[in-house]
Protein chains: 2
Amino acid sequence: MTLAVRKRIAPPGRRGRPAAVEPEEEGTRERILTVAERLFAERGFNGVSLRTLTAEAGVNLASVGYHFDSKEGLIAAIFDRRCRPMMQERLRLLAACAEGPGRPPMLEQIIEAFVLPAISQTADVAGGGATFTRLRAVLRHENSELARKLIAENFDETSARFVDALHRCLPRLSRDAIHWRFHFLLSALYYTTIDPGRIRHLSGGRCDPADTKVAVRELVRFVAAGFRAD
Amino acid sequence: MTLAVRKRIAPPGRRGRPAAVEPEEEGTRERILTVAERLFAERGFNGVSLRTLTAEAGVNLASVGYHFDSKEGLIAAIFDRRCRPMMQERLRLLAACAEGPGRPPMLEQIIEAFVLPAISQTADVAGGGATFTRLRAVLRHENSELARKLIAENFDETSARFVDALHRCLPRLSRDAIHWRFHFLLSALYYTTIDPGRIRHLSGGRCDPADTKVAVRELVRFVAAGFRAD
DNA sequence: GTCTATACAGTGATAGAC
DNA sequence: GTCTATCACTGTATAGAC
């Protein structure tokens, strides 16, 4: 057994270090969120009891109820913490889209505004983005109803905004066609972040989604052409 | 506990029924494969012990070892049973691709040859195709190393054949570009079969991958245009 | 060849002694 | 807290019955 109990390491303390940007070094709330995100991603939502979770985080069992009401409230907060900044970034980039000389076509700009924040977050291993991506995938196959609800709450509004923008960009397409093609945009984004190993393997290591720049470029090029079909 | 033991029901027998196409009504081997596929899809590979599995199937514990050597051998046989006919169908359709008046362009034919058998199998709920699709997804997130191995063994060769065919079809593209676009083809196919609910939800129910004909048509149109980009 | 009963060695979890 | 005996359960191996 490699468990080794992992005694709660004393927090780094404030010795000589200037005040960080964050309001506090690592509060109970943030600590729970970070540990829960990792554990849920590793063992699934039902695979982690609140007892093991709070023990691992070095906090009291009851603090989950205090900060998040329930276990579902906890995972909802995890989603919120990751999705809110990503959605804001998507909408910021969407608002910045504009036609102009020397700029890519509007369609390419919109697609990039949608995928760039997601791919950047997943690529941010240190910041926990990769963990959250994995958590979403694990949850989807473990508790699809809860996953469906959380994804709807966090992604529906932004997705609708992009569907509208894409339809304004390609007005000759039917609403259904736009939806189908948006679905294939989601496909490319999802599969690229969730299973980068398959293309790496098939290409003998030559194509690697870990190279964010190349991945975004290839994805935008392919999907934009798909949207322009017929 | 709802186990209920399910005493091995006496096989239906051949009473008055003409000899079926299959060699036997339902042998131990087939029974194990079918039950295991369903249980693994529901509870994961590690979530099902050989004891509960054999009890559910109404067979002896040791018969798994006899027929499949090990638990890994069992899941390998499950993959083989589902993948072999699908791969044969893919290669048969690929061989049938040809240019000609009144036929779709070669590129569209190749893409359809790749996706049609997969989507048909997933749509075949009664035949267990949907269960196998779910099993693959669950396994991928539970035991990625085993999943990677099984997917490589069962899909690598056929995929390479299609990559070659696609490159012959679009010789001006680099090998890397072909691989990236094949990756997006896999994305569209994977996401369409694994999460048909998302587009159904976003489109207010108007777009539904359960309509196989429409799904294949939209997928082929989008992906073919993507392959022709630039 | 097919199937069965049973034995075996390894696992994580747990409860009680210290 | 820390060690240890025990337990329930796992996948696998084998000897023998049809």
Side-chain angles (χ1 to χ4, degrees), chain A residues 1-11 35-36 38-64 71 138 141-142, chain B residues 1-15 19-81 132 135-136 138-151 153:
Chain A
M1 172 153 28
T2 61
L3 205 341
V5 175
R6 189 184 306 220
K7 269 255 184 219
R8 171 114 150 64
I9 298 157
V35 171
R38 178 171 56 80
L39 291 182
F40 288 156
E42 285 170 2
R43 313 178 208 170
F45 183 68
N46 299 317
V48 184
S49 72
L50 287 184
R51 278 170 182 78
T52 65
L53 197 162
T54 49
E56 184 93 357
V59 303
N60 189 278
L61 171 61
S63 53
V64 171
K71 198 179 177 186
V138 168
H141 296 295
E142 181 198 17
Chain B
M1 165 122 69
T2 62
L3 207 339
V5 175
R6 188 185 302 222
K7 268 263 169 78
R8 173 113 150 65
I9 298 155
R14 311 277 202 276
R15 52 182 187 297
V21 179
E22 311 152 55
E24 45 186 348
E25 198 72 18
E26 166 112 296
T28 298
R29 208 189 125 91
E30 292 302 312
R31 172 185 294 275
I32 294 173
L33 283 172
T34 303
V35 171
E37 185 177 55
R38 178 172 55 80
L39 291 182
F40 287 157
E42 286 170 2
R43 311 177 210 171
F45 184 68
N46 298 318
V48 183
S49 73
L50 289 183
R51 280 170 179 79
T52 65
L53 197 163
T54 50
E56 185 94 354
V59 302
N60 189 275
L61 169 63
S63 52
V64 171
Y66 174 73
H67 285 288
F68 308 103
D69 282 351
S70 64
K71 198 179 179 186
E72 275 207 24
L74 168 57
I75 200 168
I78 292 173
F79 266 72
D80 182 74
R81 182 171 70 151
F132 179 62
L135 167 58
R136 262 163 31 209
V138 169
L139 188 67
R140 187 185 295 238
H141 297 294
E142 179 196 18
N143 188 335
S144 54
E145 192 45 44
L146 176 58
R148 196 202 51 71
K149 201 188 93 188
L150 290 168
I151 287 170
E153 282 172 0

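Heavy atoms only: backbone and side chains are in, while hydrogens, waters and symmetry mates are out. Protein chains get the first letters and strands the later ones, always in sequence-line order, with residue 1 at the start of each.
The aromatic rings of B/Phe132 and B/Phe79 sit perpendicular to each other, their planes meeting at more than 60°, with 30° as the lower class boundary.
Whole-Å rounding puts the B/Glu30 CD to C/dT2 C1' distance at 15 Å. Across the protein-nucleic acid pair, B/Asp69 atom CG and C/dT2 atom P stand 13 Å apart, rounded to whole Å. Regarding B/Asn60, its CG atom lies at a distance of 13 Å from the C1' atom of D/dA15, rounded to whole Å. Here the P atom of nucleotide C/dT2 and the CG atom of B/Leu61 are 18 Å apart, to the nearest Å. Atoms CG (B/Leu50) and C1' (C/dA9) sit 16 Å apart, rounded to a whole Å. Regarding B/Asn46, its CG atom lies at a distance of 20 Å from the P atom of C/dG10, rounded to whole Å. Atom CG of B/Leu74 and atom C1' of D/dT12 are 14 Å apart (whole Å). Rounding to whole angstrom units, CG of residue B/Leu39 and P of D/dG11 are separated by 12 Å.
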message: I'd like to know whether B/Leu139 forms a side chain to side chain contact (heavy atoms under 4.5 Å, CB included) with B/Ile75, so could you lay out the CA-CA distance, the side-chain angles of the two residues, the decisive distance to 0.1 Å, and finally the verdict.
response: CA-CA 10 Å; B/Leu139 188 67; B/Ile75 200 168; 3.9 Å; yes
task: Report the C-alpha distance between B/Tyr66 and B/Thr28 in whole Å, list the side-chain angles of each, state the deciding distance to 0.1 Å, and finish with yes or no for side chain to side chain contact (heavy atoms under 4.5 Å, CB included).
output: CA-CA 11 Å; B/Tyr66 174 73; B/Thr28 298; over 6 Å; no
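For B/Tyr66, taking side-chain heavy atoms from C-beta onward, the closest of the listed nucleotides C/dC8, D/dT14, C/dC3 is C/dC3. Listed nucleotides: C/dC3, D/dG11, D/dA13. Nearest to the side chain of B/Ala62: D/dA13.
B/Ser63 has no side-chain polar atom (N or O) that falls below the 4.0 Å cut-off from OP1 or OP2 of C/dT2. Phosphate proximity of D/dT10 to B/Ser49: present, with a side-chain N or O under 4.0 Å from OP1 or OP2. Using a 4.0 Å cut-off, some side-chain N or O of B/His67 falls inside it from OP1 or OP2 of C/dC3.
Partners of B/Ala36 under the side-chain contact (heavy atoms from CB on, under 4.5 Å) rule, at least two apart in sequence or in another chain, are B/Phe40, B/Leu53, B/Leu74, B/Ile78.
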